[in-house]
Amino acid sequence: ARIKRKIVTMEYSPGEYLNEAMICEQLGIGRTPVHQAVDQLSLEGLTDIIPRKGLIVRPISMDEVRDIIEVRLLNERYCVSLAAQNATNAHIEEMEEILDNAAGYIKDRNRERLMEADYQFHLVISSAANNRILADMLRVLHERQLRFWFVSLNEDEHPNDVQQEHTDILNAIKNHDGQAAADATQAHIESFRNAIMHSL
């Protein structure tokens with residue numbers, strides 16, 4: 001998790017070469033957990049292992065961004081429509097709390113906490129949909145795109161846009177309006193696409 005955080009927040013830059021000895025020294029932990037973490041991060045698509053050279057932080061690829069957006073548009077529209085049917089009061093209260101906290105992070109210009117809030121908001125939607133397979137699939141997808149979220153939040157107005165888009169999604173879920181929730185989610189994902197394309 002500590003290595004992933006450094007990749008997601010660009011402390012380890014896209015395209016940067018790393019080695020396990022350096023990571024061990026920076027984090028103050030042994031080679032075995034670092035080696036296991038590096039293997040896991042490779043499976044998650046965040047690093048590539050280069051034989052005899054170590055590993056490289058996977059560069060940000062416009063093709064990967066496009067592929068993620070296409071999969072999100074297909075699956076998140078369905079997920080949020082299920083959430084609009086199945087969300088409990090507890091789910092709604094949790095999303096409201098996340099948005100309340102996010103307003104403070106926007107004011108403080110805290111991109112890292114905003115990224116976490118964005119991730120948590122989408123996790124709650126996945127939970128509210130009441131489909132564990134879909135939730136697991138979207139969690140993996142969202143973790144893979146965390147650093148893209150982090151980059152997009154550097155756009156001056158994008159955090160405010162995200163807050164309004166999340167509010168629109170939440171209002172549709174509160175109203176149990178699956179179509180409105182799906183449409184708001186599509187607008188949210190397309191807004192992300194515009195922001196990330198501009199940032200990159």
Side-chain angles (χ1 to χ4, degrees), residues 1 4-5 7-9 44-46 60 64-106 110-155 158-197 199:
K4 181 188 289 188
R5 178 56 56 93
I7 293 172
V8 165
T9 60
E44 293 180 16
L46 292 174
I60 289 179
E64 184 178 4
V65 173
R66 183 203 64 225
D67 291 347
I68 286 174
I69 289 169
E70 287 177 356
V71 174
R72 286 188 67 193
L73 283 169
L74 181 64
N75 291 282
E76 287 190 48
R77 281 179 54 88
Y78 178 60
C79 179
V80 77
S81 68
L82 290 178
Q85 297 173 33
N86 300 318
T88 64
N89 288 336
H91 288 125
I92 290 169
E93 288 170 5
E94 189 173 356
M95 284 187 274
E96 288 175 335
E97 182 178 357
I98 290 169
L99 293 190
D100 286 344
N101 291 335
Y105 304 148
I106 291 171
N110 189 329
R111 277 198 298 160
E112 189 169 341
R113 296 303 297 272
L114 273 172
M115 177 193 68
E116 292 170 355
D118 200 331
Y119 176 62
Q120 291 300 322
F121 185 81
H122 287 278
L123 281 184
V124 178
I125 291 174
S126 296
S127 174
N130 199 28
N131 182 315
R132 287 187 297 174
I133 301 299
L134 182 59
D136 286 345
M137 185 179 71
L138 287 175
R139 177 184 49 78
V140 171
L141 181 66
H142 290 151
E143 287 185 357
R144 184 157 183 166
Q145 73 155 23
L146 276 174
R147 63 179 177 160
F148 301 142
W149 272 339
F150 186 79
V151 171
S152 72
L153 290 169
N154 198 39
E155 290 291 301
H158 191 56
N160 289 311
D161 293 340
V162 169
Q163 184 77 348
Q164 183 58 57
E165 291 153 12
H166 282 171
T167 300
D168 292 343
I169 293 168
L170 177 55
N171 286 338
I173 291 173
K174 283 181 177 179
N175 292 329
H176 305 291
D177 188 335
Q179 185 61 54
D183 291 344
T185 296
Q186 178 163 338
H188 174 50
I189 295 170
E190 289 176 347
S191 172
F192 162 73
R193 171 167 50 197
N194 293 336
I196 192 66
M197 294 298 184
S199 295

If I compare all heavy atoms of [X] with all of [Y], which pair ends up nearest, and what's the gap?
| X | Y | value |
| --- | --- | --- |
| R77 | A182 | NH1-O, 3.2 Å |
| A102 | A117 | CB-CB, 4.3 Å |
| R147 | V8 | CB-O, 3.4 Å |
| A87 | I92 | CB-CG1, 4.5 Å |
| G45 | E64 | O-OE2, 4.5 Å |

Among residues at least two apart in sequence or on other chains, which ones pass ring-ring contact (aromatic ring centres under 6.0 Å, His included) with H158? none
Quick one: does [X]'s side chain get under 4.5 Å of [Y]'s, heavy atoms only?
| X | Y | value |
| --- | --- | --- |
| D161 | Q164 | no |
| E44 | R144 | no |
| M115 | Q120 | no |
| E76 | H122 | yes |
| R5 | T9 | yes |
| V162 | I106 | no |
| L138 | C79 | yes |
| I173 | I125 | yes |

Do E143 and K4 pass the side-chain contact (heavy atoms from CB on, under 4.5 Å) test, and can you show the C-alpha distance, the side-chain angles, and the key distance before you say yes or no? CA-CA 10 Å; E143 287 185 357; K4 181 188 289 188; 3.4 Å; yes
Is it the case that R193 places NZ or CZ above or below the six-membered ring of F148, under 6.0 angstrom from the centre and within 45 degrees of the axis? no
Run the numbers on D118 and H166 for side-chain contact (heavy atoms from CB on, under 4.5 Å), then give the verdict. CA-CA 9 Å; D118 200 331; H166 282 171; 3.3 Å; yes
Gap separating the [atom1] atom of [X] from the [atom2] atom of [Y], nearest 0.5 angstrom:
| X | Y | atom1 | atom2 | answer |
| --- | --- | --- | --- | --- |
| L170 | M95 | CG | CE | 5.5 Å |
| N101 | L114 | CG | CG | 10.5 Å |
| I7 | L46 | CD1 | CG | 5.5 Å |

Is it true that, when you exclude Y78 itself, more than 12 heavy atoms of the residues, nucleotides or ligands shown sit nearer than 6.0 Å to its OH? no
Any carboxylate oxygen within less than 4.0 angstrom of a Lys/Arg side-chain nitrogen, looking at K174 and E96?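 Yes, charged N to carboxylate O under 4.0 Å.
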When you measure from the side chain of [X] to the backbone of [Y], do you find a donor-acceptor pair of N or O atoms at a distance under 3.5 Å?
| X | Y | answer |
| --- | --- | --- |
| N86 | A129 | yes |
| R111 | F150 | yes |
| H142 | R139 | no |
| N175 | D177 | no |

Residues S191 and H188: side-chain donor-acceptor under 3.5 angstrom: no
Step-by-step side-chain contact (heavy atoms from CB on, under 4.5 Å) determination, Q145 to F192: CA-CA 11 Å; Q145 73 155 23; F192 162 73; 3.9 Å; yes
Before giving the answer on side-chain hydrogen bond (donor to acceptor under 3.5 Å, both in side chains), spell out for N89 and E93 the whole-Å C-alpha distance, their side-chain angles and the decisive distance to 0.1 Å. CA-CA 6 Å; N89 288 336; E93 288 170 5; 5.8 Å; no
Listed by chain and number, what are the side-chain contact (heavy atoms from CB on, under 4.5 Å) partners of R113, not counting sequence neighbours?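 For R113 the side-chain contact (heavy atoms from CB on, under 4.5 Å) partners, ignoring immediate neighbours, are Y105, N110, E116.
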